[in-house]
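Throughout, numbering of the chain's residues begins at 1 and tracks the sequence. Side-chain atoms are counted along with the backbone in the values below, which use heavy atoms only and exclude waters and symmetry mates.
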Amino acid sequence: MTQNETATLSTSTIGRHSELLAMAALLADGWSVSEPTVPEAHDLLASKDGQQMRVQVKTIKQREKDGVAYYVIRGLKNNGQTYDLSDCDAFIGVVGEHVYLAENRELSEYWSKVDEASEKWRYLPLKITEKGAIN
């Protein structure tokens, strides 16, 4: 493959990449992260300061509506049903190198204008900050 060619990635490769970025962002934010051993409705289990959170990771889709750019996190399972609170507590949406945490409100889609995503959803940086560093 030449430098000008790009590989076509499978949806499972793209999904796994999003999961790994979500794990890195949670770790940088001080969470302990694990994956279920058997298939579950959530992709990750995160814990921090006695709090536990079941997370479903989604690759964010970019859409345009009325000339405005939006990020969309899909809140549907493969069977077309929405994730309810017994499935997961939150979604992590990943777009490029940006990771956002949104609470599960049992919707089929979660929309945010691109330039308002950090206000509507919690932005999780991938970089460990000074406050997160161990001395």
Colleague: State whether the number of non-hydrogen atoms from other residues, nucleotides or ligands found under 6.0 Å of Asn78 atom CG is greater than 12.
Modeller: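 No, CG of Asn78 has 12 or fewer neighbouring heavy atoms, counting only those of other groups under 6.0 Å.
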Colleague: My understanding is that only residues two or more places apart in sequence, or in another chain, count here; which of them pass side chain to side chain contact (heavy atoms under 4.5 Å, CB included) with Ser10?
Modeller: Ser12, Thr13
Colleague: Only counting residues at least two apart or in another chain, list the ones meeting side-chain hydrogen bond (donor to acceptor under 3.5 Å, both in side chains) with Ser112.
Modeller: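 Ser112 satisfies side-chain hydrogen bond (donor to acceptor under 3.5 Å, both in side chains) with no residue once adjacent residues are dropped.
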Colleague: The criterion is side-chain hydrogen bond (donor to acceptor under 3.5 Å, both in side chains); which residues satisfy it with Tyr110, sequence neighbours excluded?
Modeller: Asn104
Colleague: Under a single-linkage rule joining Ile, Leu, Val, Met, Phe, Trp and Tyr whose side-chain heavy atoms are separated by less than 4.5 Å, which residues share a cluster with Trp31?
Modeller: Leu20, Leu21, Met23, Leu26, Leu27, Val33, Leu44, Met53, Val55, Val57, Ile92, Val94, Val99, Leu101, Leu124, Leu126
Colleague: Using the test salt bridge (Lys or Arg N to Asp or Glu O under 4.0 Å), find all partners of Glu40 that sit at least two apart in sequence or belong to another chain.
Modeller: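 If we apply the salt bridge (Lys or Arg N to Asp or Glu O under 4.0 Å) test to Glu40, skipping adjacent residues, there are no hits.
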Colleague: List the residues meeting side-chain hydrogen bond (donor to acceptor under 3.5 Å, both in side chains) with Ser118, not counting sequence neighbours, and say none if there are none.
Modeller: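 None.
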Colleague: Linking Ile, Leu, Val, Met, Phe, Trp and Tyr by side-chain heavy atoms under 4.5 Å, what else ends up with Ile14?
Modeller: Leu9
Colleague: State yes or no: do Ile60 and Tyr123 share one hydrophobic cluster built from I, L, V, M, F, W and Y residues joined by side-chain heavy-atom distances below 4.5 Å, directly or via other members?
Modeller: yes
Colleague: Describe, in one word, how the ring planes of Tyr71 and Tyr100 are oriented to each other, choosing from parallel (under 30°), tilted (30 to 60°) and perpendicular (over 60°).
Modeller: tilted
Colleague: Does anything in residues 90-99 pair up under salt bridge (Lys or Arg N to Asp or Glu O under 4.0 Å), and if so which pairs, sequence neighbours excluded?
Modeller: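 Those involving residues 90-99 do not exist here.
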Colleague: Can you give me every donor-acceptor pair (side chain of residues 83-91, partner residue at least two apart or in another chain, under 3.5 Å) with its distance?
Modeller:
from: Tyr83; atom 1: OH; to: Gln56; atom 2: NE2; distance (Å): 3.4
from: Asp84; atom 1: OD1; to: Ser86; atom 2: N; distance (Å): 2.9
from: Asp84; atom 1: OD1; to: Ser86; atom 2: OG; distance (Å): 2.4
from: Asp84; atom 1: OD1; to: Asp87; atom 2: N; distance (Å): 3.3
from: Asp87; atom 1: OD2; to: Lys77; atom 2: NZ; distance (Å): 3.1
from: Asp87; atom 1: OD2; to: Asp84; atom 2: N; distance (Å): 2.9
from: Asp89; atom 1: OD1; to: Arg54; atom 2: NH2; distance (Å): 2.9
from: Asp89; atom 1: OD2; to: Arg54; atom 2: N; distance (Å): 2.8
from: Asp89; atom 1: OD2; to: Arg54; atom 2: NE; distance (Å): 3.2

Colleague: Kindly write out the residues that satisfy side chain to side chain contact (heavy atoms under 4.5 Å, CB included) with Ser108, not counting sequence neighbours, or none if the list is empty.
Modeller: Leu76, Thr82
Colleague: Strictly by salt bridge (Lys or Arg N to Asp or Glu O under 4.0 Å), give each pair with a member in residues 109-128 just once, sequence neighbours left out.
Modeller: Asp29-Arg122, Arg63-Glu109
Colleague: With hydrophobic residues grouped by side-chain heavy-atom distances under 4.5 Å, do Val114 and Trp121 end up in a single group?
Modeller: yes
Colleague: Does anything in residues 15-24 form a salt bridge (Lys or Arg N to Asp or Glu O under 4.0 Å)? List the pairs, not counting sequence neighbours.
Modeller: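 Listed by first then second residue: Arg16-Glu19, Arg16-Glu35.
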